[in-house]
Peer 1: 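First the structure, then my questions, so here it is.
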Amino acid sequence: FAQAAELSGYLIDKKCVDLCVGKSSDTQCTPDGVNVFYNPERHTGWCLLLGVCMDSGYILMSDIPNNSGMHQILMDLTANDVTRAVVLEHIQNHIEESGDTGFFPKVTIEYNPEELQADSQTANEIWPTSVTVKTVKQPWFDTVLD
């Protein structure tokens, strides 16, 4: 990328997003028993790797909730095969390296901001925008997956 931008948040699969749309904050609407709009930090690696969840693709959910306690979808991470592969590889590698399928940690993604601006014209309410993600990393580590 010419000039990369970064955005931090939580990786959530689109299936679990769909299951939780419109549900109250105390509704356990995902297979791992959380509402991803209110507690994305409690979504598990186990759930992220369920077949139906992997097939649905992933989004990046905000790490800070709004005034009502709800987190917002920041970015659609299913823009293309490259992005889908980078995100899935990060999830699989984290679980393999840590041996932990519990709560999945916050991540930082790197993307091309020019692509983001170009896509804003076609964004819709549910999946606001999509870009090609070059890297996914955990914000407190220097390890990067290209």
Side-chain angles (χ1 to χ4, degrees), residues 1 4-98 100-113 115-141 143-145:
F1 298 133
E6 291 185 343
L7 195 57
S8 293
Y10 296 97
L11 296 175
I12 307 291
D13 56 274
K14 286 178 147 183
K15 179 62 178 175
C16 287
V17 168
D18 288 343
L19 290 171
C20 293
V21 168
K23 303 286 193 299
S24 65
S25 61
D26 59 349
T27 302
Q28 297 178 353
C29 41
T30 62
D32 57 2
V34 300
N35 184 321
V36 295
F37 283 102
Y38 292 92
N39 296 297
E41 72 282 359
R42 297 180 58 82
H43 199 44
T44 64
W46 167 81
C47 193
L48 290 170
L49 290 180
L50 291 176
V52 66
C53 296
M54 285 191 309
D55 292 344
S56 72
Y58 301 96
I59 58 96
L60 187 69
M61 186 77 75
S62 66
D63 56 349
I64 300 171
N66 63 20
N67 292 340
S68 68
M70 188 174 177
H71 294 257
Q72 304 299 309
I73 297 171
L74 299 176
M75 191 173 290
D76 182 357
L77 300 176
T78 58
N80 55 52
D81 290 341
V82 171
T83 295
R84 289 178 77 103
V86 167
V87 172
L88 182 58
E89 181 182 12
H90 176 78
I91 294 167
Q92 291 170 328
N93 285 347
H94 170 77
I95 290 171
E96 184 178 311
E97 290 171 10
S98 69
D100 184 5
T101 57
F103 301 150
F104 202 81
K106 183 168 83 168
V107 299
T108 299
I109 63 165
E110 187 177 279
Y111 64 94
N112 179 348
E115 193 177 341
L116 184 65
Q117 292 167 352
D119 190 57
S120 65
Q121 302 299 320
T122 60
N124 66 47
E125 287 182 32
I126 297 177
W127 311 122
T129 192
S130 58
V131 296
T132 301
V133 172
K134 182 181 179 197
T135 60
V136 178
K137 59 186 176 182
Q138 288 159 346
W140 54 88
F141 293 125
T143 54
V144 173
L145 295 175

Peer 1: Hey, what do you get for OG1 (T101) to CD (E96), rounding to the nearest 0.5 Å?
Peer 2: 13.5 Å
Peer 1: Side chains of C53 and L48: closer than 4.5 Å at any heavy-atom pair?
Peer 2: no
Peer 1: Side-chain contact test, heavy atoms from C-beta onward, threshold under 4.5 Å: evaluate it for M61 versus L74 and give yes or no.
Peer 2: no
Peer 1: Checking E41 now: which residues fulfil side chain to side chain contact (heavy atoms under 4.5 Å, CB included) with it, not counting sequence neighbours?
Peer 2: Y10, N39, H71
Peer 1: Rounded to the nearest 0.5 Å, what separates atom CD1 in I59 from atom CG in D76?
Peer 2: 8.5 Å
Peer 1: Please state whether the sulfur gamma atoms of C20 and C29 sit closer than 2.5 Å to each other.
Peer 2: yes
Peer 1: Among L88, D13, V87, exactly one meets side chain to side chain contact (heavy atoms under 4.5 Å, CB included) together with M54. Which residue is that?
Peer 2: L88
Peer 1: Any side-chain to backbone donor/acceptor pair from D32 onto T44? Under 3.5 Å, distance only.
Peer 2: yes
Peer 1: Between OH of Y38 and NZ of K23, what distance do you get to the nearest 0.5 Å?
Peer 2: 12.0 Å
Peer 1: Decide yes or no on side chain to side chain contact (heavy atoms under 4.5 Å, CB included) for L77 and M75, but give the supporting numbers first.
Peer 2: CA-CA 6 Å; L77 300 176; M75 191 173 290; 4.1 Å; yes
Peer 1: What distance separates L7 CG from L60 CG, expressed to the nearest 0.5 Å?
Peer 2: 5.0 Å
Peer 1: Once rounded to the nearest 0.5 Å, what's the spacing between atom NE2 of H90 and atom CD1 of I95?
Peer 2: 9.5 Å
Peer 1: Can you sort out the partners of D63 under salt bridge (charged side-chain N to carboxylate O under 4.0 Å, His left out), two or more places apart, ordered by chain and number?
Peer 2: K106
Peer 1: About how many Å separate CD of Q28 and CG of N35, when rounded to the nearest 0.5 Å?
Peer 2: 9.5 Å
Peer 1: Tell me if the CG atom of N66 is crowded by more than 12 foreign heavy atoms within 6.0 Å.
Peer 2: yes
Peer 1: With a cut-off of 6.0 Å (strictly less than), are more than 12 heavy atoms of other residues, nucleotides or ligands near CZ of R84?
Peer 2: yes
Peer 1: Do F37 and M70 have side chains that get closer than 4.5 Å, going by heavy atoms?
Peer 2: yes
Peer 1: Checking salt bridge (charged side-chain N to carboxylate O under 4.0 Å, His left out) for the pair K15/D55: CA distance, chi angles, key distance, verdict?
Peer 2: CA-CA 9 Å; K15 179 62 178 175; D55 292 344; over 6 Å; no
Peer 1: Could you tell me if the side chain of P40 sits less than 4.5 Å from the side chain of S62, heavy atoms only?
Peer 2: no
Peer 1: Compare all side-chain heavy atoms of P31 with those of W46 and state whether any distance is below 4.5 angstrom.
Peer 2: yes
